[in-house]
Number of protein chains: 2
Amino acid sequence: MRAQKEETLKEDTLAVRISRTLAERIIAGEIEPGTRLRQDHIAGEFGASHVPVREAFRRLEAQGLAVSEPRKGVRVASFELSEVREVAEMRAALEVLALRHAAPHLTHAVLDEAEEATKAGDASRDVRSWEAANRRFHRLILEPCGMPRLLASIDDLHAASARFLFAAWRSDWEARTDHDHRAILAALRKGDTEAACATLARHVQWIGHRPVSAAGGRQRKAFAIVG
Amino acid sequence: MRAQKEETLKEDTLAVRISRTLAERIIAGEIEPGTRLRQDHIAGEFGASHVPVREAFRRLEAQGLAVSEPRKGVRVASFELSEVREVAEMRAALEVLALRHAAPHLTHAVLDEAEEATKAGDASRDVRSWEAANRRFHRLILEPCGMPRLLASIDDLHAASARFLFAAWRSDWEARTDHDHRAILAALRKGDTEAACATLARHVQWIGHRPVSAAGGRQRKAFAIVG
DNA sequence: AAATCACGAATTATCTATAATTATGAAGGA
DNA sequence: TCCTTCATAATTATAGATAATTCGTGATTT
């Protein structure tokens, strides 16, 4: 997720491609939290050896999508409400910082593109495309800050957010219109950076509550960042 | 640096030990920024194979201490003034967030320990021990926030900060007394979290300017975070 | 003559295959 | 029931093979 292209370029190393594929699966919720990732099996599936798989694991670990214990292997990172909140608050802090630096460099073209992304989000009929549009919006208004390390951290946090989002809204999903996104854009157009930052901070920390049908038919409470 | 113990436990995997050693060298400035890290050489030095070395590289990459290009190997991360500032601002944003959550859980014992760390910093006669004391101070007042992901990110940023610090003050060093640390502690003792956060934010962003004698005898400008 | 390009050797990164060390789980005995 | 012992599986590390990149050398062109 750190420098994502949609297609898997063959220029990338095998380890990178494997880690990207696994990251997608974890984020999409295809692999349950806590599941052991066995390098031999994964190596077999990708028709590769287990060395690149191990490197992919280190990558996932750095992203916070997997945790590894020294000689006991790696598992898909579990997440609880406390972790959802943690990610949300870190995103709020870092995205506000990024926006403050990006604001002076925001052009009309970028803001228009961001508005397009918002519309695309409103028009989307499934969670995945909504999440993609949402991510595009945030990226667009933050990228001009020109702080690569900060943007990389935010990307990782977005991946974690998306994981929570998909976990909560996997089965049922209703389209939402993004008032916050529009408010942020309006403030930015007026040159009111502080108002934009304040809205962004609140927006990211918005936590949705929804009952979700878990595997097994019974209902369980689920939570997700929705910003 | 993510879960650092001073001694290299043999419980850790080889890759972890190698990455720790390399991280220390990079932070201490023993390896110049931009230097290529050749896996065969490093493997030879550690009497190991190149596979654990590769894993160590992925670790360093995640910490921001090294950068790797697909089939061209990995180099020690370079740093410029812009990156120093970036790290400082990220630290300010994240440490303030951590302190805000830690404040309600701060005990007298912890604050006293933090004061001890400050005194140790004042008394230290070299940069390394000052940095260690400084890091201890920050860790002590932030750890009670109970947000592991946040603390891990802050640790990585501290490592980067230390790198800048050592680069600037490697040759000459004069002891400094930390008024800011005391101000933060005083505010926390009074229960004034906001004042503590404000001071912390300013404190971390303090950027020092100092001429430093570079290799080759000639002077060059150097910068460092000093908080 | 200087610069550019092409080619080839050497170095280096990447991956596969295999071995050894360590954890896990089951069976047997106190 | 609990502990020990042995068997199996999985992680970790090594050694060897392949493919890519870099760098030096020489030829060609401006």
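Worth knowing before you read on, the calculation uses all heavy atoms, side chains too, and leaves out hydrogens, waters and symmetry mates. Letters go in sequence order (proteins before strands), and every chain restarts at 1.
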Name the pairs: protein N/O against N/O of nucleotides 19-23 of chain D, kept only if under 3.5 Å.
{"from": "dT22(D)", "atom 1": "OP1", "to": "Lys72(B)", "atom 2": "NZ", "distance (Å)": "3.3"}

Relative to the ring of His203(B), is the ring of His138(B) parallel (under 30°), tilted (30 to 60°) or perpendicular (over 60°)? parallel

For Val51(B) and Arg38(B), find the nucleotide of DNA chain C closest to each by heavy atoms; which residue's nucleotide sits nearer the 5' end? Arg38(B)

Result of checking Arg135(B), Glu131(B), Glu95(B) against His158(B) for side-chain hydrogen bond (donor to acceptor under 3.5 Å, both in side chains): Glu95(B)

Can you check whether any acceptor in the base of dA13(D) is under 3.5 Å from a donor in the side chain of His50(A), or vice versa? yes

For Asp40(B) and Ala48(A), take the nucleotide of DNA chain C holding the closest heavy atom to each; which residue's nucleotide lies nearer the 5' end? Asp40(B)

Is a donor on one side and an acceptor on the other found under 3.5 Å between the side chain of Thr21(A) and the backbone of Arg17(A)? yes

Closest heavy-atom contact between Leu106(B) and Ile141(B)? CD2-O, 3.8 Å

What nucleic acid atoms does Ile18(A) come within less than 4.0 Å of, heavy atoms only: base, sugar-phosphate, or nothing? nothing

Has Arg128(A) got more than 12 heavy atoms of other residues, nucleotides or ligands less than 6.0 Å from its CZ? no

N-O pairing of Glu32(B) and Arg25(B) below 4.0 Å: no

Integer-rounded Å distance: dA13(D) C1' and Gln39(B) CD: 14 Å

Distance under 4.0 Å to a non-hydrogen atom of chain A counts as contact; along DNA chain C, which nucleotides mark the start and end? dT14(C) to dT24(C)

Between Gln205(B) and Ala92(B) (side chain of the first, backbone of the second, donor and acceptor by atom type, cut-off under 3.5 Å), is there such a pair? no

Are the side chain of Thr107(A) and the backbone N or O of Val110(A) linked by a donor-acceptor pair below 3.5 Å? yes

